[in-house]
Amino acid sequence: MEVKLKPKIEERYDLGNLVTFIPNKRLPIYNWFYFKEGFSRDFVMLMLDEFNLKKKSYVLDPFCGVGTTLLACKERGINCVGVDVAPLAYFVTKVKVQDYSLDKLRKELDKLFSQKFERYPIEGLSPLTLRAFSKFNLYDLIFFREKIKEIKDESIRDFFLLALINASNKASFALKDGSVVKIVDKRVPPLRKVLKRILVNMIKDLKKIKFEKCKIDVYLEDSRDLGFLKERFDAIITSPPYLNKIEYAKVYKIEYDLFFRAYKDSLRSYIGLRPKNVKDLFPELNLPDIAKAYLQDMNECLREFYRVLKPKGKVALVVAEGAFPGYAIVPTDYLIAELAHRMGFKVEKIIVVRQRIVTKDRTVKVGKARESVVILKK
Ligand SMILES: C[S@@+](CC[C@H](N)C(=O)[O-])C[C@H]1O[C@@H](n2cnc3c(N)ncnc32)[C@H](O)[C@@H]1O
């Protein structure tokens with residue numbers, strides 16, 4: 001596919017692992033919620049160095065997911081704002097960046113586990129959620145959920161709720177497989193036991209990382225309109241949803257059903273999920289509709305990024321090419337770089353970090369899709 005702009009390309013396959021969540025899996029607090037779509041602490045640290053960001057700088061992550069960028073900034077004493085449109089991601093980030101009193105957490109833990117079990121009615125849950133748990137675990141889960149709701153201090157309540165979300169994942173028959181959730185036949189541990197272990201470990205984790213004083217804010221908002229933010233950022237370090245890769249709302253169906261009921265219908269449209277009223281920014285390329293919509297949305301985001309960045313502000317955007325059955329692979333990195341260029345950004349370079357094998361029906365190899373970091377300067 002021909003694109004006019006010819007940006008500088010750097011191949012850095014040694015960074016491939018860093019744009020995945022894998023390195024975070026062994027890191028306290030970073031690993032409080034397994035988010036397959038996330039990138040790593042070390043990737044953020046690398047970009048903070050690359051952009052020469054110091055204490056008092058301001059960083060934005062407009063697709064903050066589970067808060068990797070915010071936590072890394074907090075370690076360095078760099079002010080950071082995170083935005084995400086998904087209530088679950090926003091919630092996880094908030095819990096991870098909060099400061100806690102260990103004493104209060106320990107007291108609440110003792111209190112929670114000293115309460116007598118009560119059976120709450122199981123109402124209004126989806127058939128999928130009902131199939132995902134044994135009766136025994138489901139009654140326990142609802143009991144703990146209701147008891148946690150009674151905790152008065154909001155940050156402590158959220159801390160416990162995140163532990164319960166993780167415990168419910170471990171104690172369920174559900175398996176996340178790509179974009180779908182499957183129910184599998186497997187042995188599951190008792191929820192109560194898992195919850196206690198997770199809480200004890202989370203409390204221990206809080207002593208393992210040293211954070212510097214800085215300002216960290218998280219917003220449940222849509223990054224196509226950052227009207228609530230001013231021009232103040234030195235850098236944006238982020239990764240938008242990958243084109244045609246994952247439907248975030250579907251994979252976390254059970255979590256939404258159990259813990260975010262009030263939000264369920266208010267989930268705003270995700271990038272790429274608005275195939276109606278599409279403006280084609282690359283008419284010469286004959287792109288699939290979903291790619292046109294995605295690029296239109298990304299264009300709106302880029303406009304906002306340009307507005308909130310200070311002059312000379314930098315952007316690191318982790319993106320991947322999108323694969324479509326019966327269509328060539330869409331070079332998302334080049335196309336976003338082209339849009340950024342039209343917007344007034346200088347495209348400094350595209351760092352190619354991975355080549356993913358693209359398969360049809362999960363077995364037939366149909367090509368390769370690049371994963372890259374697009375570096376821009378205002
Ligand atoms: C690739 S993930 C980011 C992961 C993150 N770097 C981390 O390490 O956790 C993309 C995120 O963008 C969010 N998102 C999708 N559309 C959005 C929008 N319009 N505004 C803000 N966030 C959005 C998704 O909910 C998802 O959490």
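Numbering of ligands and ligand atoms starts at 1, following listing order. One-based numbering along the sequence shown. What you see is a predicted model; the values in this text were computed from it and never measured.
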Are F282 and E284 side-chain neighbours, meaning at least one heavy-atom pair lies under 4.5 Å?
yes
Atoms of ligand 1, numbered as shown, that sit under 4.0 Å from any heavy atom of E221
20 (N), 21 (C)
Could you pull out, from S40, P62, G65, the option with a heavy atom nearest to atom 21 (C) of ligand 1?
P62
Would one find an N or O of E37, backbone or side chain, under 3.5 Å from an N or O of ligand 1?
no
At what distance, to the nearest 0.5 angstrom, does NZ of K314 lie from NZ of K346?
8.0 Å
N/O donor-acceptor pair under 3.5 Å between N137 side chain and P189 backbone:
yes
For D222, atoms of ligand 1 separated by under 4.0 Å from a heavy atom:
18 (C), 19 (N), 20 (N)
Closest by any non-hydrogen atom to atom 12 (O) of ligand 1: pick that one out of Y242, F63, Y30, F39.
F63
Check this for me - ligand 1, V85, N or O atoms closer than 3.5 angstrom, yes or no?
yes
Is there a polar contact between ligand 1 and F35, counting only N or O atoms under 3.5 Å apart?
no
Pairs of nitrogen or oxygen atoms closer than 3.5 Å, one from S239 and one from ligand 1: do any exist?
no
Look at the rings of W32 and F159 and say which category their plane angle falls in: under 30° parallel, 30 to 60° tilted, over 60° perpendicular.
perpendicular
For A86, counting its heavy atoms only, list the atoms of ligand 1 lying under 4.0 Å from any of them.
25 (O)
Here the atoms of ligand 1 under 4.0 Å from any heavy atom belonging to T68 are 7 (C), 8 (O), 9 (O)
Going by side chain to side chain donor-acceptor pair (under 3.5 Å), name the pairs with one or both residues in residues 95-110, residues two or more places apart or in two chains.
K74-D99
Per-atom contacts of ligand 1 with C64, taking only distances under 4.0 Å to non-hydrogen atoms:
5 (C), 7 (C), 9 (O)
Looking only at the aromatic ring of each residue, does the gap between the centers of F144 and F117 stay below 6.0 angstrom?
no
Show me which atoms of ligand 1 lie under 4.0 Å from any heavy atom of G38.
4 (C), 7 (C), 8 (O), 9 (O)
Enumerate the atoms of ligand 1 whose separation from the nearest heavy atom of P240 is less than 4.0 angstrom.
1 (C)
NZ/K230: more than 12 non-hydrogen atoms of other groups inside 6.0 Å
no
Output a table of donor-acceptor pairs, distance under 3.5 Å, between side-chain atoms of residues 193-202 and any protein atom two or more places apart or on a different chain; print 'none' if there are none.
from	atom 1	to	atom 2	distance (Å)
N201	ND2	R197	O	3.4

Quick test of your reading of the model: are E150 and K152 salt-bridged, counting only N-O distances below 4.0 Å?
no
Within less than 4.0 angstrom of ligand 1, does C301 place any heavy atom?
no
Is any side-chain heavy atom of L60 closer than 4.5 Å to one of T69?
no
If you measure every N/O of D84 against every N/O of ligand 1, is any gap under 3.5 Å?
yes
